[in-house]
2 protein chains.
Amino acid sequence: MMTLDQVRAFVAVAEELHFGRAAERLRMTQPPLSRQIQKLERTVGVTLLERDNRKVELTEAGRAFLDESYRLLALVDSAGDLARRIDGGATGTLRLGFTAVSAIGMLGPLLKDLDRSLPGIEVILHERVTAAQADGIRRGELDLGLARPPFDTSEFESRVVFREALCAAVPADHALAEVDRPLTAGDFDGVPVISYNPVQSRYFHELTVRFLTNAHPRVEQQVHQILTAVLLVAAGRGCALVPASARSLGVQGVVYKDLVDGGGDPDGSEVPGRPVELHAIWARGRRSPMLRRVLAQIGRMRLGEEE
Amino acid sequence: MMTLDQVRAFVAVAEELHFGRAAERLRMTQPPLSRQIQKLERTVGVTLLERDNRKVELTEAGRAFLDESYRLLALVDSAGDLARRIDGGATGTLRLGFTAVSAIGMLGPLLKDLDRSLPGIEVILHERVTAAQADGIRRGELDLGLARPPFDTSEFESRVVFREALCAAVPADHALAEVDRPLTAGDFDGVPVISYNPVQSRYFHELTVRFLTNAHPRVEQQVHQILTAVLLVAAGRGCALVPASARSLGVQGVVYKDLVDGGGDPDGSEVPGRPVELHAIWARGRRSPMLRRVLAQIGRMRLGEEE
DNA sequence: ATAAGTTGATACCTTCGCCGCATCGTCCGG
DNA sequence: CCGGACGATGCGGCGAAGGTATCAACTTAT
């Protein structure tokens, strides 16, 4: 008989790849942990962990089982949560992931709108970067994410929920802060620019690179969050290209300047002047009735076009 | 701490709406069942079943929890099933390397056959030359390669999956294009011949050299891919010896002529008339169940003998 | 080459939780 | 008012899980 404790034990070992540390994490000693894993393997009938006396590693079947284990444990938690929320009068719970900066621009209005149109639904917020949101959705910890493209479309479905312009964040004492017109790529020739990590912040990396094509900025540093970029700008380390909603961050010592064409590519496929997209993403095929209602409501909103 | 037994107990009671019958279904007596339900309700923190001494019924929260319980128990079963299927090799991903020209002759039928006989297995294709396939297998990037001999047998295991004849690719306006019989080595005396790089394309280099032993062709250029050789032939730079499947390449201005004995050595060790071998290779000792099944299936096919 | 240190598995013991039996308390029907 | 039905509770025994000590295999360092 498989037990949840065995599943939790397996997850700990699979993540640590070390029985001793896993046991510590589980607040138990190593011997019973070994026995639990053995027992789990016996009931499943499959070797999940390949272990010799030097190292522990997951088998192919173990990797798949780990994946299911995350879903399982997430479901255990959420089942209890759900019962408690309903007991408290709610009709549903939406576990919503969001990125820090998307929150500034549209999370407030989104939540207000949801609360008004679907009052029984309780929203539980989880701030995560895009990749962590995808992980969370995959593991069943989140129902919906607000994240930046690109996503694996075989795994996730998505819908654009917000579009905005790209603009420049400039130190208040910088020469560009005085320019009284939309900036062009050429304005950044030789200017220190805070850039984005091409992997962890791929979306803004590509937007930045695209806008600055043919310009020759001095790329200063590669960050992976908008907020970090703005703070570095405030510290005078250079300029950065950020979504327009970053204006609301209220960081002292930073001036925001418009870009020509809103920072977008006039020949590109995006909406003119609003190249920065935020998508709602969810697991393909895992549309609960609650999620369906939320998506329908989000579809009715006009979050990127109110101004 | 919630346990799966408690969830199963709850499901039984929720379905029977009667502790006695539920206990019977669970093959236990009624008292411990009552206690398990109480414990579950304590850990969840919600009354799931409203019971007076005459009847049992689900609360609103209990109905929602029942729903999640079904999902939970289904996931418990399916997690084990999935692990067993993968362990049995019925499901998995095969990362398959292949050379461009091998694809023409047999990759299509191979993939079709695999898809029919092992439908749970997803094949991801990587086009690479033989050496790069060996590298990929060594690094664990590929599970299986379709490549030309020779291989380091201490590191790789292999199996012949396809045999074909060697033939001559001749420019359409070349004198040899008119010859109405299988060509011999002597026919190439003094004729410009595109040859192969003895290192990067060792296999075809050796086949060519062996066939042309005692002949005196004018070796023109050493290429390392079949396709390049054929394109040079089309450009009129000379003749080349290529595997029979290159006929399907459809390059204009090239005529293919049979060779005596299919280009092979009648006293050699290979199959008469089909000296060009394609091997499936994999890392020695790294036979996953999935790979084992794929190899078994490949063994059942008759890919080199259908014509 | 040998000794010391790691790491997962095993042996043995203790403890704690679950099950079953017996019984209780309450409500309903006759 | 009494008997029956049903879920809750008290109690004793047993089995499963955890802890300590130790083993076996292997790596690393001196």
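Here is the naming used below: chain letters follow the sequence lines, and residue numbers restart at 1 for every chain. Note that the structure is a prediction, hence the values are computed from the model and not measured. We use all heavy atoms of the structure for the numbers below, so side chains are in, but hydrogens, waters and symmetry mates are not.
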Flag, side chain of A/H279 to backbone of A/I281, donor-acceptor distance under 3.5 Å: no
Quick check: on DNA chain D, is the nucleotide nearest A/M28 upstream (toward 5') of the one nearest B/H18, or the reverse? Name the residue that is more 5'. B/H18
Just how far, in rounded Å, is P of D/dA21 from CD of A/Q30? 14 Å
When rounded to whole Å, the CD1 to C1' distance for the pair A/I37 and C/dT7 reads 15 Å
With a 4.0 Å cutoff (strictly under), does any side-chain N or O of [X] reach OP1 or OP2 of [N]?
X	N	value
B/R51	D/dA8	yes
A/T29	D/dG19	yes
B/K55	C/dC28	no
A/S34	C/dG8	no
B/Q6	C/dC18	no

Would you mind checking if [Y] and [X] are paired as a salt bridge, meaning a charged N to carboxylate O distance below 4.0 Å?
X	Y	result
A/R71	A/D67	yes
B/R148	B/E206	no
B/R138	B/E155	yes

Base C/dG17 paired with B/R35 side chain (donor-acceptor, <3.5 Å): no
